[in-house]
There are 2 protein chains.
Amino acid sequence: MASIKDVAAEAGVSVATVSRALNGHPSVSEDARRRVSAAVERLGYRPNAVARSLRTDQTRTLGLVISDVMNPYFTELARSVEEEARALGYSVIIGNADERPDLQDHHVTTLLDRRIDGLLVSPTDGGSPGMLGAARAGTPMVFVDRWIPGVDVPVVRSDGRDAVRDLVAHLYALGHRRLAIIAGPAATTTGRERVDAFREALGAYGLDLPDAYIGQGDFQADSGRRVTEGFLDLAEPPEAVFAADNLMALGALDALRARGLRVPDDIALAAFDDIPWFVHTDPPVTAVAQPTRELGRAAVRALVDRIEGRPGESVTLPARLVVRRSCGEPVSPEPPQSPSPVRRSTP
Amino acid sequence: MASIKDVAAEAGVSVATVSRALNGHPSVSEDARRRVSAAVERLGYRPNAVARSLRTDQTRTLGLVISDVMNPYFTELARSVEEEARALGYSVIIGNADERPDLQDHHVTTLLDRRIDGLLVSPTDGGSPGMLGAARAGTPMVFVDRWIPGVDVPVVRSDGRDAVRDLVAHLYALGHRRLAIIAGPAATTTGRERVDAFREALGAYGLDLPDAYIGQGDFQADSGRRVTEGFLDLAEPPEAVFAADNLMALGALDALRARGLRVPDDIALAAFDDIPWFVHTDPPVTAVAQPTRELGRAAVRALVDRIEGRPGESVTLPARLVVRRSCGEPVSPEPPQSPSPVRRSTP
DNA sequence: ATCCTCCGTGTAATCGATTCCACGAGGAGG
DNA sequence: CCTCCTCGTGGAATCGATTACACGGAGGAT
């Protein structure tokens, strides 16, 4: 592979001039510029990004450590992150943690060793030593989707509280009273928040959320299956099940089908995170949709701000309820705008 | 960030000794080794992978340029690639080409600039200049899923011919005679092969595949929708539609639903590439399943073989038909093993 | 004519690792 | 006691870029 020296020799100038010509430095004569371009062309020269990174101490690369790539929500997030990063002149290296803290740590370490310019993380747990160390050491960092309380890092996420309230209103209107939730891991913020939002919304209707109706899942399909089976074995099974992510909803659907139960006639189902396939499941699944694309873009912008010395702010975007048929036939033809009886201030 | 010099100073030895100690070189005294470890520990030192790569001319990184990450098939492929690579001590940088040749080229170039050790590609088109150049220049490279004829690079893929024959047999047994296909881009091998396999299987039943029953798609949901609408507008619409990938099947499902058609009663549907969601669509979709995980692993092994100087062989794995309800009720309780009347030699 | 600026260019230091080569100490063998 | 190895170690070159600094020449001001 041709190096800058070869180009210099070919163009009959010094490496310094080649470098300057290539980087658009002003003080290079038109003549030199042309000869360099010609030499580059002839040799098929491409600058070695590794050498450049070593010298400049920047890789123009972002690390993205994601909880689970197989989850369509995160796939879409990853995609929008890459898009926005590319638009800003950065590459992205994705690490898939598979909801495993040890893998998450492995990726964080590897990315840091590669001297990425900044790190985007949706933490699997309360924070591995490697990650906390990086945050403390001042590596530009932004949490996306999930975050770790007490760590001073901008957070880009979506707030599902209103949408969950809309969902409970929707379920209530359809006559459901015994509502259960398949929760995510308590170690994650999204795991806890969604349960809290659900309980709070229930409270507004005078319903409570007994422990038996809180199933502990791990954001994977299998756990959705297992928890749902537990619900069905209860003396008084729930009338509606809310899965805290789309994969667990898939598992729940599996379990219900295995028992020969019909949705929504025998039991209602809703999910957090909307995905294209929910339109085509049997029945189409009512879900809380996050503005995934915007989340990814906002996260990248916040991170690049940090990298380039600007503040880099936290962003919270609202989620919204998408009503389909899995909780019962929609009551009215128009989508419920905000049917909750307990209004929040909405200026 | 602490460098090897800091470690050397802290341990009271030279940088050469630190390097040797860290890389398990034999001729380092037990004493020096201990002092280096202690210094590393105290400083929280991590070797700079960028500097190491520059010197050793290897990054221990693989590039994966994928046609479309949002396609669950490719997501799973990417995941298994990363897993196997990690097991072999490599990292993976994924580039999403989004079925766009220009983006594919962008990623290939970027990855090459970063001096990745090897490249895994599922080409979007007939081969962009950058990619062909890399192949010619001797960059270790392996094609996965799709390939480019005439380029001397190992190919890891799955052969759907038998499975497509099984599918046609299945459709025939259910009484369908007018069979159409939503094809992938003719520029891709998988796009062409699946049509060829389909036509060949049809031939075995004395059926032919008129041009009107070959819809030109691009492996994206929208094209599946569009092509399906075209089929339905025909004077004699097909009785069964075979989508050459899962996303186009999703689009087809959309279009059918929009027209108020029932699957499989009004029209049958099948897809290439099986995904978890097909179990839960309405109706569950009959599909040709590729051994995706094995494909990813085999591809990485072939590539690493090349990188490390071993031959690196092409691999072709068989796909298999998974019958569900979207083509009609399965005729027999047992899965069709190979119901095709035209037997191939199967020793 | 002299001095000062500015412009274009080249030389060389630098980034953080790996690794070739040389060197001194110590042990074995003659 | 001398020579020859072996072992552990350090000095310095090297990878391919960027960039501070120096320098020569041209042109303008005095």
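Being a predicted model, the structure only gives us computed values, none of them experimental. Per chain, numbering begins at 1; letters A, B, ... match sequence-line order. These values consider heavy atoms only, across backbone and side chains, with no hydrogens, waters or symmetry-generated copies.
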> Which nucleotide sits closest to the side chain of A/Ser14: C/dG16, C/dT11, D/dT18?
Replying inline: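 Nearest to the side-chain atoms of A/Ser14, counting from C-beta on, is C/dT11.
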>> Minimum heavy-atom separation for B/Leu112 and B/Ala134, please, with both atom names.
In response: CD2-CB, 3.5 Å
>> Go through it in stages, so that I can follow the logic: the residues are A/Ser67 and A/Ser122, the test is side chain to side chain donor-acceptor pair (under 3.5 Å), and I'd like the CA-CA distance, side-chain angles, deciding distance and then a yes or no.
In response: CA-CA 6 Å; A/Ser67 321; A/Ser122 69; 2.7 Å; yes
>> With rounding to the nearest 0.5 angstrom, report the CG to OG distance, B/Leu62 to B/Ser91.
In response: 9.0 Å
>> What's B/Val50 touching, base or sugar-phosphate or nothing? Going by heavy atoms closer than 4.0 Å.
In response: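 If one applies the 4.0 Å heavy-atom cut-off, B/Val50 turns out to touch nothing in the nucleic acid.
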Interatomic distance where [atom1] belongs to [X] and [atom2] belongs to [N] [whole Å]:
| X | N | atom1 | atom2 | result |
| --- | --- | --- | --- | --- |
| B/His25 | C/dA17 | NE2 | P | 18 Å |
| A/Met1 | D/dG16 | CE | P | 11 Å |
| A/Arg52 | D/dC15 | CZ | C1' | 16 Å |
| A/Arg46 | D/dG16 | CZ | C1' | 15 Å |
| A/Leu54 | D/dT19 | CG | P | 13 Å |
| A/Lys5 | D/dT14 | NZ | C1' | 8 Å |
| A/Leu43 | D/dA17 | CG | P | 12 Å |
| A/Leu22 | D/dA17 | CG | C1' | 11 Å |

> Out of B/Val40, B/Asp6, B/Val36, which residue meets the side chain to side chain contact (heavy atoms under 4.5 Å, CB included) rule with B/Tyr45?
Replying inline: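 Filter result, single survivor: B/Val40.
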> Given A/Tyr73 and A/Asp245, is the side-chain contact (heavy atoms from CB on, under 4.5 Å) satisfied, shown in steps?
Replying inline: CA-CA 9 Å; A/Tyr73 164 71; A/Asp245 88 336; over 6 Å; no
> Who passes side chain to side chain contact (heavy atoms under 4.5 Å, CB included) against B/Ala186, sequence neighbours left out?
Replying inline: none
> Where do B/Thr61 and A/Arg114 land on the side chain to side chain donor-acceptor pair (under 3.5 Å) test, with the steps shown first?
Replying inline: CA-CA 11 Å; B/Thr61 301; A/Arg114 286 169 188 269; 2.6 Å; yes
>> Does A/Met131 form a side-chain contact (heavy atoms from CB on, under 4.5 Å) with A/Met141? I'd like the steps, not just the answer.
In response: CA-CA 10 Å; A/Met131 230 185 51; A/Met141 197 157 147; 3.8 Å; yes
>> Return whichever of B/Gly12 or A/Asn48 has its heavy-atom-nearest nucleotide of DNA chain D closer to the 5' end.
In response: B/Gly12
For nucleotides 6-8 of chain C, which of its nitrogen or oxygen atoms have a protein nitrogen or oxygen under 3.5 Å away, and what is each distance?
none

> Checking side chain to side chain donor-acceptor pair (under 3.5 Å) for the pair A/Asp68/A/Gln220: CA distance, chi angles, key distance, verdict?
Replying inline: CA-CA 9 Å; A/Asp68 177 13; A/Gln220 303 284 333; 3.3 Å; yes
Could you go through nucleotides 19-26 of chain C and list every protein N or O atom that sits under 3.5 Å from one of its N or O atoms, giving the distance for each pair?
none

